[in-house]
Trainee: 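Pasting a structure below so you can have a look.
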Amino acid sequence: QVQLVESGGGLVQAGGSLRLSCAASGRTFSSYDMGWFRQAPGKDREFVAVISPSGGNTYYADSVKGRFTISRDNAKKSVSLQMSSLKPEDTAVYYCAARAGIWSKPSLGFGSWGQGTQVTVSS
């Protein structure tokens, strides 16, 4: 298991940028896929992005492709989500998540979750 703590959420105007960070504890961080998910009020949690243990592979939801960038620093045990060209529909609580193993879909298998950080995009 890995413990995760997100930070960096806040209020931003449409078109603006925000960077989320997730700090992890545990000795095996570099062996986990790391992901970001989000949940808007009244909606199901949805996949945003995932990055492989080495950082060499990434995958994004179509809704954020080209606007969001996921990255990681294994030495610092952290993963980030750089969000640009933000839209009001990006408003949600954003969660950092970790998974071990090999999964057939980018959104499956995440067993460790942070507490979430609120992102609000005003129009």
Side-chain angles (χ1 to χ4, degrees):
Q1 286 285 349
V2 58
Q3 285 71 51
L4 304 170
V5 179
E6 303 94 336
S7 62
L11 174 65
V12 63
Q13 288 187 333
S17 299
L18 206 58
R19 185 179 182 89
L20 305 182
S21 296
C22 174
S25 62
R27 291 179 293 177
T28 57
F29 174 79
S30 60
S31 68
Y32 287 92
D33 283 345
M34 297 299 298
W36 286 96
F37 289 73
R38 66 187 182 185
Q39 187 167 21
K43 295 187 177 181
D44 293 335
R45 186 170 59 193
E46 66 172 350
F47 166 80
V48 174
V50 63
I51 188 167
S52 62
S54 69
N57 292 297
T58 57
Y59 187 86
Y60 298 90
D62 287 344
S63 59
V64 307
K65 200 173 297 182
R67 300 188 298 122
F68 290 11
T69 301
I70 188 172
S71 61
R72 67 189 295 162
D73 185 333
N74 286 341
K76 295 183 178 179
K77 296 183 181 179
S78 67
V79 61
S80 297
L81 185 69
Q82 177 66 46
M83 305 185 294
S84 302
S85 302
L86 283 161
K87 306 174 182 179
E89 50 264 43
D90 294 318
T91 295
V93 176
Y94 283 71
Y95 297 91
C96 175
R99 70 179 182 188
I102 299 173
W103 297 86
S104 59
K105 293 185 178 181
S107 61
L108 297 181
F110 288 88
S112 298
W113 297 85
Q115 83 290 348
T117 186
Q118 177 71 47
V119 171
T120 303
V121 184
S122 63
S123 58

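Residue indices begin at 1 and follow the sequence shown. Worth saying up front: this structure is predicted, and the values here are computed from it rather than measured.
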Trainee: Given Val121 and Glu89, is the side chain to side chain contact (heavy atoms under 4.5 Å, CB included) satisfied, shown in steps?
Mentor: CA-CA 8 Å; Val121 184; Glu89 50 264 43; over 6 Å; no
Trainee: Tell me, do Arg67 and Met83 make a side-chain contact under 4.5 Å, heavy atoms counted?
Mentor: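 With C-beta onward as the side chain, the pair stays apart.
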Trainee: Indicate the atoms forming the closest heavy-atom contact of Gly114 with Tyr95, along with that distance.
Mentor: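 In terms of heavy atoms, the two residues are closest at O-CD2, 3.6 Å.
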Trainee: Is it the case that the side chain of Glu6 and the backbone of Cys96 share a donor-acceptor pair, with hydrogens and angles ignored and the cut-off at 3.5 Å?
Mentor: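 Side chain of Glu6 to backbone of Cys96, a donor-acceptor pair under 3.5 Å: yes, one is there.
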Trainee: For the hydrophobic clusters of this structure (ILVMFWY residues joined by side-chain heavy atoms under 4.5 Å, transitively), does one cluster hold both Phe47 and Phe68?
Mentor: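 Cluster IDs for Phe47 and Phe68 differ.
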Trainee: Among Val50, Leu81, Leu4, Asn74, exactly one meets side-chain contact (heavy atoms from CB on, under 4.5 Å) together with Met34. Which residue is that?
Mentor: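 Among Val50, Leu81, Leu4, Asn74, the one that satisfies the side-chain contact (heavy atoms from CB on, under 4.5 Å) with Met34 is Leu4.
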Trainee: Starting from Phe110, can I reach Val79 by hopping between I/L/V/M/F/W/Y residues whose side chains sit under 4.5 Å apart?
Mentor: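 No, no single cluster joins them.
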Trainee: I'd like a table of donor-acceptor pairs (distance under 3.5 Å, sequence neighbours excluded) in which one partner is a side-chain atom from residues 35-44, with atom names and distances.
Mentor:
{"unit_1": "Arg38", "atom_1": "NE", "unit_2": "Glu46", "atom_2": "OE2", "d": "2.5"}
{"unit_1": "Arg38", "atom_1": "NH1", "unit_2": "Asp90", "atom_2": "OD1", "d": "2.9"}
{"unit_1": "Arg38", "atom_1": "NH1", "unit_2": "Tyr94", "atom_2": "OH", "d": "2.9"}
{"unit_1": "Arg38", "atom_1": "NH2", "unit_2": "Glu46", "atom_2": "OE2", "d": "3.1"}
{"unit_1": "Gln39", "atom_1": "NE2", "unit_2": "Lys43", "atom_2": "O", "d": "3.0"}

Trainee: Measure the OG-CD1 distance between Ser80 and Ile51 for me, rounded to the nearest 0.5 Å.
Mentor: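 It comes to 9.5 Å.
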Trainee: Under 3.5 Å, which donor-acceptor pairs do the side chains of residues 11-30 form with other protein atoms, sequence neighbours left out?
Mentor:
{"unit_1": "Arg19", "atom_1": "NH1", "unit_2": "Gln82", "atom_2": "OE1", "d": "3.2"}
{"unit_1": "Ser25", "atom_1": "OG", "unit_2": "Gln3", "atom_2": "OE1", "d": "3.1"}

Trainee: Going from CG on Asp33 to OG on Ser54, what distance comes out if it is rounded to the nearest 0.5 angstrom?
Mentor: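 Here the interatomic distance stands at 9.5 Å.
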Trainee: On a heavy-atom basis, which atom in Gly116 and which in Val93 lie closest, and how many Å separate them?
Mentor: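 In this case the closest contact between Gly116 and Val93 is CA-CG1, 3.8 Å.
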Trainee: What heavy-atom pair brings Arg99 and Gly109 nearest, and what distance separates the two atoms?
Mentor: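 Closest pair (atom of Arg99, atom of Gly109, distance): CB-O, 3.1 Å.
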Trainee: For Asp73, enumerate each residue passing the side-chain hydrogen bond (donor to acceptor under 3.5 Å, both in side chains) test, keeping only those at least two apart in sequence or located in another chain.
Mentor: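 For Asp73 there are no side-chain hydrogen bond (donor to acceptor under 3.5 Å, both in side chains) partners, ignoring immediate neighbours.
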Trainee: Hey, what do you get for OH (Tyr59) to CD1 (Ile70), rounding to the nearest 0.5 Å?
Mentor: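 Between Tyr59 OH and Ile70 CD1, I get 13.5 Å after rounding to 0.5 Å.
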Trainee: Testing the basics here: between Gln115 and Val5, what is the closest heavy-atom pair and its distance to 0.1 Å?
Mentor: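 Scanning both residues, the minimum pair turns out to be OE1-CA, 3.7 Å.
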Trainee: Please check if atom NZ in Lys65 has more than 12 non-hydrogen atoms from other residues, nucleotides or ligands closer than 6.0 Å.
Mentor: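 Result for NZ/Lys65: enclosed.
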